[in-house]
> 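After the structure tokens below, expect a handful of questions from me.
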Amino acid sequence: MSGAAERKRLQMADIARLAGVSVSTVSRALNGSPLVNDETRERIGQLARSLNYSINLGAQNLRLQKNQTVAVVVPYDPKARQHISDPFFLSIVGALADALTDRGYDMLLSRVDAERLDAAATLYDAGKAIGLLVIGQWRHHDQLNEMAARKVPLVVWGGQLPQQLYCSVGGDNVAGGLQAARHLLALGRRRIAFVGDARLPEVQLRHQGYRQALREAGLAPDPALEVAAPFEVIAARAMLDRLCAGGVAFDAVLGCSDLLALQAVQAVRASGREVPADVAVTGYDDMPVATYSDPPLTTVHQPVGLAGTEMVDALLRLLGGERVAPRVLPVHLVLRASAPATAAPRRR
């Protein structure tokens with residue numbers, strides 16, 4: 001028996017002892033046998049992960065052509081409770097479904113707590129999916145790195161970050177924030193509120209672009225104009241209402257999603273001001289709702305359809321044994337009436 005095989009045998013014996021089951025039960029559980037109940041399989045899987053036991057069932061199933069299922073994971077924040085009906089989630093899930101179907105794969109849609117992104121790995125460990133497509137890094141880039149380090153095949157929609165071990169695909173967030181802020185500055189706006197939680201990696205990169213544009217214009221950032229609103233409508237609206245009522249002067253809003261920008265429009269109007277005459281507003285994503293809103297929303301377009309194709313192709317290349325570099329997709333600003341191409345006349 002080789003040294004590696006002997007180590008695996010000893011690890012399985014440790015798992016069996018800790019779980020209070022036989023080694024054969026451990027072997028069956030790690031290979032996804034239906035003879036082991038779900039509770040026992042989950043307990044054994046957790047122990048295996050804690051001992052860094054290498055579970056390659058997903059790759060094994062792929063070789064044997066038993067499994068053609070890819071898990072699409074949509075994390076949720078238990079505090080904000082951002083709904084899966086969010087237009088961006090629906091758009092990117094649809095794009096991923098189309099790309100997987102075109103390549104002959106099935107999709108398993110799953111939600112995990114955004115504080116426990118690593119819980120998504122159980123779908124791979126249990127053999128339910130051959131790989132993972134995760135929508136968003138949230139605040140746990142470290143957990144994604146840990147999954148990649150133990151060879152869980154995953155591709156993440158998000159921003160490229162330092163010391164990143166996993167493959168990400170995402171829009172050019174710095175360029176998006178920069179384009180939106182530069183446009184608002186070109187309209188003569190100088191008090192631009194940034195709306196979005198910069199603790200989230202993609203928002204943090206958009207915030208970099210926003211601040212770069214301010215520096216170019218010779219303006220210092222004002223912390224009172226930076227609103228750490230979550231991607232959840234009710235909580236975001238409450239924060240925007242407080243901004244409007246707080247006596248802080250602002251003449252533009254850069255929202256980090258279209259829904260945040262639309263909530264800003266409503267909050268501005270509720271305070272007795274007009275969009276764009278008094279406050280110009282830009283959004284982010286260019287979801288269909290941006291075209292039909294009142295006024296139609298100037299927004300940063302993200303290539304969601306291309307993102308679906310790129311993420312699926314990257315995952316399939318990973319499963320084929322390739323090393324796949326992160327991919328940053330181009331974005332561009334779409335001009336509409338909430339922040340038009342030329343400055344709107346101010347009310348007297």
> Measure the spacing between CG of D313 and CG of L318 and express it to the nearest 0.5 Å.
11.0 Å

> Do L132 and V70 have side chains that get closer than 4.5 Å, going by heavy atoms?
no

> Report the C-alpha separation of H207 and E226 in whole Å, then their side-chain angles, then the decisive distance to 0.1 Å, and conclude whether the side-chain hydrogen bond (donor to acceptor under 3.5 Å, both in side chains) test is met.
CA-CA 9 Å; H207 184 256; E226 297 184 359; 3.2 Å; yes

> Are V300 and V227 linked, directly or through intermediate hydrophobic residues, by side-chain heavy-atom contacts shorter than 4.5 Å (ILVMFWY only)?
no

> Measure the CG-CD distance between L100 and Q68 for me, rounded to the nearest 0.5 Å.
10.5 Å

> Let me confirm one number: the OG-CG distance from S338 to D294, rounded to the nearest 0.5 Å.
10.5 Å

> For residues F231 and V73: do they belong to one hydrophobic cluster (side chain heavy atoms under 4.5 Å, members Ile, Leu, Val, Met, Phe, Trp, Tyr)?
yes

> Shortest non-hydrogen contact from W157 to G170?
CZ3-CA, 3.5 Å

> Just by distance, do the side chain of R111 and the backbone of V74 share a donor-acceptor pair under 3.5 Å?
yes

> Work out which heavy atom in G159 is nearest to a heavy atom in L205; give both atom names and the distance.
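Taking G159 first and L205 second, the nearest heavy atoms are CA-CD1, 3.8 Å.
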
> Flag the pair D278 / D251 as yes when at least one side-chain heavy-atom distance between them is below 4.5 Å, and no otherwise.
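Side-chain contact under 4.5 Å: no.
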
> Is the cationic atom of R273 (NZ for Lys, CZ for Arg) positioned less than 6.0 Å from the six-membered ring centroid of F250 and within 45 degrees of its normal?
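Yes, R273 lies over the aromatic ring of F250.
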
> Are V156 and I135 side-chain neighbours, meaning at least one heavy-atom pair lies under 4.5 Å?
no

> Between Q302 and D285, is a side-chain hydrogen bond (donor to acceptor under 3.5 Å, both in side chains) present by the stated rule, with each step listed?
CA-CA 5 Å; Q302 296 216 80; D285 292 330; 2.8 Å; yes

> Heavy-atom distance under 4.5 Å between the side chains of V253 and I192, does that happen here?
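They are not in contact (no side-chain heavy atoms under 4.5 Å apart), so the answer is no.
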
> Show me the pairs that pass side chain to side chain donor-acceptor pair (under 3.5 Å) and involve residues 234-246, at least two apart or across chains.
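Counting only pairs at least two positions apart or across chains, the side chain to side chain donor-acceptor pair (under 3.5 Å) contacts touching residues 234-246 are R237-D241.
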
> Same hydrophobic cluster for L109 and L123, using side-chain heavy-atom links shorter than 4.5 Å among ILVMFWY?
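The answer is yes; both residues are in one hydrophobic cluster.
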
> Side chains of M239 and P230: closer than 4.5 Å at any heavy-atom pair?
yes

> Calculate, to the nearest 0.5 Å, the distance between atoms CG and CD belonging to D197 and E202 respectively.
12.5 Å

> Any salt bridge (charged side-chain N to carboxylate O under 4.0 Å, His left out) pairs touching residues 156-174, not counting sequence neighbours?
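Pairs touching residues 156-174 that pass the test: none.
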
> Go through the side-chain N and O atoms of T40 and N37 and say whether any donor and acceptor fall under 3.5 Å apart.
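N37 and T40 do have a side-chain donor-acceptor pair below 3.5 Å.
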
> Under the 3.5 angstrom rule, does the side chain of N173 hit a backbone N or O of G171 as a donor-acceptor pair?
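Yes: the side chain of N173 pairs with the backbone of G171.
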
> Do you know the tightest heavy-atom contact between L47 and I15?
CD1-O, 4.0 Å

> With clusters defined by side-chain heavy atoms of hydrophobic residues (ILVMFWY) lying less than 4.5 Å apart, directly or transitively, does Y76 cluster with L90?
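Shared cluster, no.
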
> At what distance, to the nearest 0.5 angstrom, does OG1 of T299 lie from CD of Q179?
11.0 Å

> For T298 versus A337, what's the shortest heavy-atom pair and its separation?
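Heavy-atom minimum between the residues: OG1-N, 4.4 Å.
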
> Decide yes or no for P87 and P288: does some side-chain heavy atom of the first lie under 4.5 Å from some side-chain heavy atom of the second?
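Result no, sub-4.5 Å side-chain heavy-atom pair not found.
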
> Of the non-hydrogen atoms in Q160 and S168, which two are nearest, and what is the gap between them?
CA-OG, 4.0 Å

> When you measure from the side chain of R116 to the backbone N and O of V112, does any donor-acceptor pair fall under 3.5 Å?
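Judged by distance alone, no pair lies under 3.5 Å.
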
> For M107 and T69: C-alpha separation, side-chain torsions, deciding distance, then whether side-chain contact (heavy atoms from CB on, under 4.5 Å) applies.
CA-CA 6 Å; M107 184 180 84; T69 301; over 6 Å; no

> Does the side-chain contact (heavy atoms from CB on, under 4.5 Å) test come out yes or no for R103 and T309, once each step is laid out?
CA-CA 10 Å; R103 289 155 183 77; T309 300; 3.3 Å; yes

> Could you check if a side-chain atom of D286 sits within less than 4.5 angstrom of a side-chain atom of R336, using non-hydrogen atoms only?
yes

> In this structure, which one of L316, V72, L306, L133 forms a side chain to side chain contact (heavy atoms under 4.5 Å, CB included) with M311?
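That would be L133.
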
> Are the side chain of R269 and the backbone N or O of E274 linked by a donor-acceptor pair below 3.5 Å?
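Here the side-chain-to-backbone pair does not exist.
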
> Does P276 reach the side chain of V281, with side-chain heavy atoms less than 4.5 Å apart?
no

> Mind checking the CD-CG spacing from E216 to L178? Nearest 0.5 Å is all I need.
5.5 Å

> Please table the atom pairs, donor to acceptor, closer than 3.5 Å between any side-chain atom in residues 325-333 and protein atoms at least two apart or in another chain.
residue: R327; atom: NH1; partner: E310; partner atom: OE1; Å: 2.9
residue: R327; atom: NH1; partner: E310; partner atom: OE2; Å: 2.6

> Given Y210, which partner from the list L254, V174, L184 fulfils the side chain to side chain contact (heavy atoms under 4.5 Å, CB included) test?
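Of all the options given, the one that passes is L254.
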
> Could you check whether any side-chain N or O of D258 sits under 3.5 Å from a backbone N or O of V289, counting only pairs where one atom can act as donor and the other as acceptor?
no

> For residues Y166 and Q137, report the shortest heavy-atom separation together with the two atoms involved.
OH-NE2, 2.9 Å

> Take Q46 and E42 through the side-chain hydrogen bond (donor to acceptor under 3.5 Å, both in side chains) test and state the conclusion after the steps.
CA-CA 6 Å; Q46 289 177 352; E42 173 65 19; 2.9 Å; yes

> Using 4.0 Å as the upper bound for N to carboxylate O, is an ion pair formed by E146 and R150?
no

> Same cluster or not: L262 versus Y284, using hydrophobic residues (I, L, V, M, F, W, Y) connected whenever any side-chain heavy atoms lie under 4.5 Å apart?
no

